[in-house]
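So that the names make sense, note that chain A is the first sequence line, chain B the second, and so on, each numbered from 1.
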Protein chains: 2
Amino acid sequence: MGSVTGRATLADVARLAEVSTKTVSRALSGAPNVDPATRTRVQRAAHTLRFRPNALARELRSGGVTTTVGFVIGDLTNPFYGLVAAGVERALSRQGLTLMLAATEDDAAAEARVVVAMLERRIRALLLVPIADDHGYLEGERQFGTPIVAVDRPLSNATSDSVVFDNRTGAHDGVVALLAAGHRRIAFVGSSESLYTHRERLAGYRDALAAAGLHEDPALLRTDGPDIASAERATEDLLRMADPPTAVFAGNNRAAVGVLRARRAAGADLGLLGFDDFELAETLGLSVVAHEPEQMGAMAAELALRRMADPMGVVEQLVLPTRVVLRGSERSMR
Amino acid sequence: MGSVTGRATLADVARLAEVSTKTVSRALSGAPNVDPATRTRVQRAAHTLRFRPNALARELRSGGVTTTVGFVIGDLTNPFYGLVAAGVERALSRQGLTLMLAATEDDAAAEARVVVAMLERRIRALLLVPIADDHGYLEGERQFGTPIVAVDRPLSNATSDSVVFDNRTGAHDGVVALLAAGHRRIAFVGSSESLYTHRERLAGYRDALAAAGLHEDPALLRTDGPDIASAERATEDLLRMADPPTAVFAGNNRAAVGVLRARRAAGADLGLLGFDDFELAETLGLSVVAHEPEQMGAMAAELALRRMADPMGVVEQLVLPTRVVLRGSERSMR
DNA sequence: ATGAAAGCGCTAACAG
DNA sequence: CTGTTAGCGCTTTCAT
C-alpha cells in the first residue's frame, strides 16, 4: 500500500534526471530541440516518479487557456440530453478537448451557479441549454473571449451562437399528419409556453389547426405536462372528458411517454404523435417528429470551435430540420 | 459589442478599490476579519470590472486541491448511464463539487487517455465505469491521495472502492421467474463474458437453469448481442431455429430493446425478461430485473467523499440489491 | 483590520 | 541543445 506522499513535480524529475526544469518541460511536451538521450533519461525519471504534469499550473502559466469545454444541461435523466451530450463529447474529443458537464435540473439559480463555476475554471467555451429568464450576465463573458453557444433553446434577452430544431415547422407537420389520418379533435400535451421549445411547438400545432379551418378548443390544451407523471395525469383528464380528443400531439418525449402510459392504463383508442424520436418509438408503433440530437450536440461543439478560432466573427444561429416518421395508424390511413 | 479585452485580476480590483490584493482576496472569499465598508467597496469594484476569480490560480496556490470530481463513463447514449450520472451529479453538487464527465465509448485506450487528462487536472476524486483489462496504472494514483471508485464494474487487476449491483442473484431471480412462468427453453442475449456484468449475469442464468435440473443448450447462448442492433440480429437467429427458445433473458437494456424489436418484427410469441428497468418497460408490459441506477451514482459519489475524508480507511465494495418486477405473461402464469 | 513578501508548478523569454 | 530568470493569479505566511 504505502503511505500517502506528495506528487512529484517537474523539479523532482529534473533533479533525478540531472537536468534543468526547463529541459524536463521540453522533453516531456515533445518540443523539438532535445537530445534524444536526454529525452529518454527524462522520460525514465518521470516514469519512475509517476510524474503527472499539473495542468492547473500549465494552463495558468500559458495564459489561462484550458482545454476544457463546459456543457450545462437541464436534465441528465432525459435520454434526449444524453444523446446531445454524446454528440458534443464526440466532437470535442476529436479536437483533444475535454468535456465538463453540469446539470441544472432546469433551475435558473443552479444554472447561474454552475455557469459561474465553469467560467472561474476558465473553460475554453460554454455550451448551454438555457433555462434562466435573463442571460444578460453572459454578455460580458463573450467580451472576454469565452464563446457561448445556446443549445436547443436560444438565450433570453441576449444574442449568441445557437443550434435549435425547427420546432414550429416540425410540430406543424406532425399535426398535419394527424389531420391526414382523419383526426379532428387533437389535444396538445406538453410544457408551458414559458419554455421556448414548447412555445414554438404549440405555435406549429395552432398553425396546422388554423390552416385546416379548425378552431382550437382550449380544453384540449394541456401545457401542464412537462414531465412523464404530469403528462400522464393530463392525459387521464383528457380521456375523462365528455367529448374527449381522438388524438394527442405530445410536446416532447417526456410527454409522449406519459401519454403512452395513460393510454395503456385506460385501454383507450387514442391517436398519438410525439415530438422527439426515441429508441422504442418504432417498437411501440409510435409516429413522431424526428430529428438528430447527436448532430445538434456536434454542431454546437463545432460552433464553439469556430468561435474560438474567430471570436469576432458573425453570430451563427443554426436551425436543424425535423421530419415526420409515420409508424402507426397514422400511416395506414394516409 | 466592444473588443476582446483581458479579464480583470485581483490586482486590478485592488487598484480600483485602493486596497491590497490580500484584502480583496479576504473580502471576496468571505473571510471574517474585514471591515464591512471595505468589503462593500471591494465588492463594488469587483462587480464593475466583471471580476471572475481564477480557479486555476486559486487551486494551484492552495495545493492543487480542486473541487472537481471526474466521472468516466462508457456510453452516454445508454439511458442507464444518464441515470447513474444524474445520481452522481446530484450527490456532488450538494457538496459544492463540480462534475467533470468524459465518455470512452467503451474503448480501453480512450479510457486511459481521459483518466490521465483528469488526473493532470488534479481532480479531487475519480469515478470510473471501467473498461480496460488492466487498471494497474491506477494503483499509484491512490497512493497520491486521489480516491478512485469503480462504478457498475470492479477494476481489473486492482482493488478499489466500488459499487456494483448484485448481478448474479438478479439474473438468477429473473430466470427463475421465467421458469415459474412455464418456460423451459430460455435463451440468453447479451454481451460476451469479457464484460464483468454480463459474466455475472450469465452465471446467474446458469445457476437458475442448473437448480431447475435443466441442461444448458449452447445454441441458446447469444453473447454476441452487446448493443441494440446486434441483439436484434441474434434474436432473429434464435427465432429461425428449428427448436427455438420460448423465452429470452436479456442481459441489459440494450439487449432487451433489440429483442423487443426482433420479436415485434417477427410477430413472434416469445417470453422476455430483461436486466435493467427502463421508462417504457411498464408500458410495454415487460418484466425486468430492476435496480436503482441513480442510487448507484449517488453511492459512488458518497464513497468518494468518504475516501477524501479518510484516504487510508478500509476499502468499501458495495453490492446493491436488485428485484424482479413482473409485468407481462410472466405474472399471470404464477 | 490590513499589508508585504513569498511561492504553488509550470512555461515564455531570453540567454549561452 | 540546455539553463536562468521571471511571472501567470492567487493564497499563505508573517508582520503591523
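The 5' end of DNA chain C is approached more closely, in terms of each residue's nearest nucleotide, by Thr23(B) than by the other of Ser62(B) and Thr23(B). Positionally, the nearest nucleotide of DNA chain C for Val19(B) lies more toward the 5' end than for the other of Thr21(A) and Val19(B).
Screening Glu89(A), Met299(A), Arg90(A) against Glu294(A) for a side-chain contact (heavy atoms from CB on, under 4.5 Å) leaves a single residue, Arg90(A).
Listed in residue order, the members of residues 24-47 of chain B having a heavy atom less than 4.0 Å from DNA chain D are Ser25(B).
Residue Thr9(A) places none of its side-chain N or O atoms closer than 4.0 Å to OP1 or OP2 of dG9(C).
In this structure, of dC8(C), dT11(D), dC10(C), it is dT11(D) that holds the atom nearest to the side chain of Leu10(B). Closest to the Arg58(B) side chain, of the nucleotides dT11(D), dG9(D), dC10(C), is dT11(D). Candidate nucleotides dG7(D), dG9(D), dA4(C) were compared by shortest atom distance to the side chain of Ala57(B), and dG9(D) ranks first. Distance from the side chain of Lys22(A) is smallest for dT11(C) among the nucleotides dT12(D), dT11(C), dG9(C). Set against dC10(D), dA4(C), dG3(D), the side chain of Ser20(A) has dG3(D) as its closest nucleotide.
Within 6.0 Å of the CG atom in Asp133(B), the count of heavy atoms belonging to other residues, nucleotides or ligands does not exceed 12.
Under 3.5 Å, the side chains of Arg7(B) and Thr146(A) contain a donor-acceptor pair of N or O atoms.
The pair Glu18(A)-Arg41(A) does not meet the salt-bridge criterion, since no charged nitrogen lies less than 4.0 angstrom from a carboxylate oxygen. Of the charged side-chain nitrogens involved, at least one lies within less than 4.0 Å of a carboxylate oxygen, so that Glu139(B) and Arg142(B) count as a salt-bridged pair.
Between Gln317(B) and Ser160(B), the closest heavy-atom pair is OE1-O, 3.0 Å.
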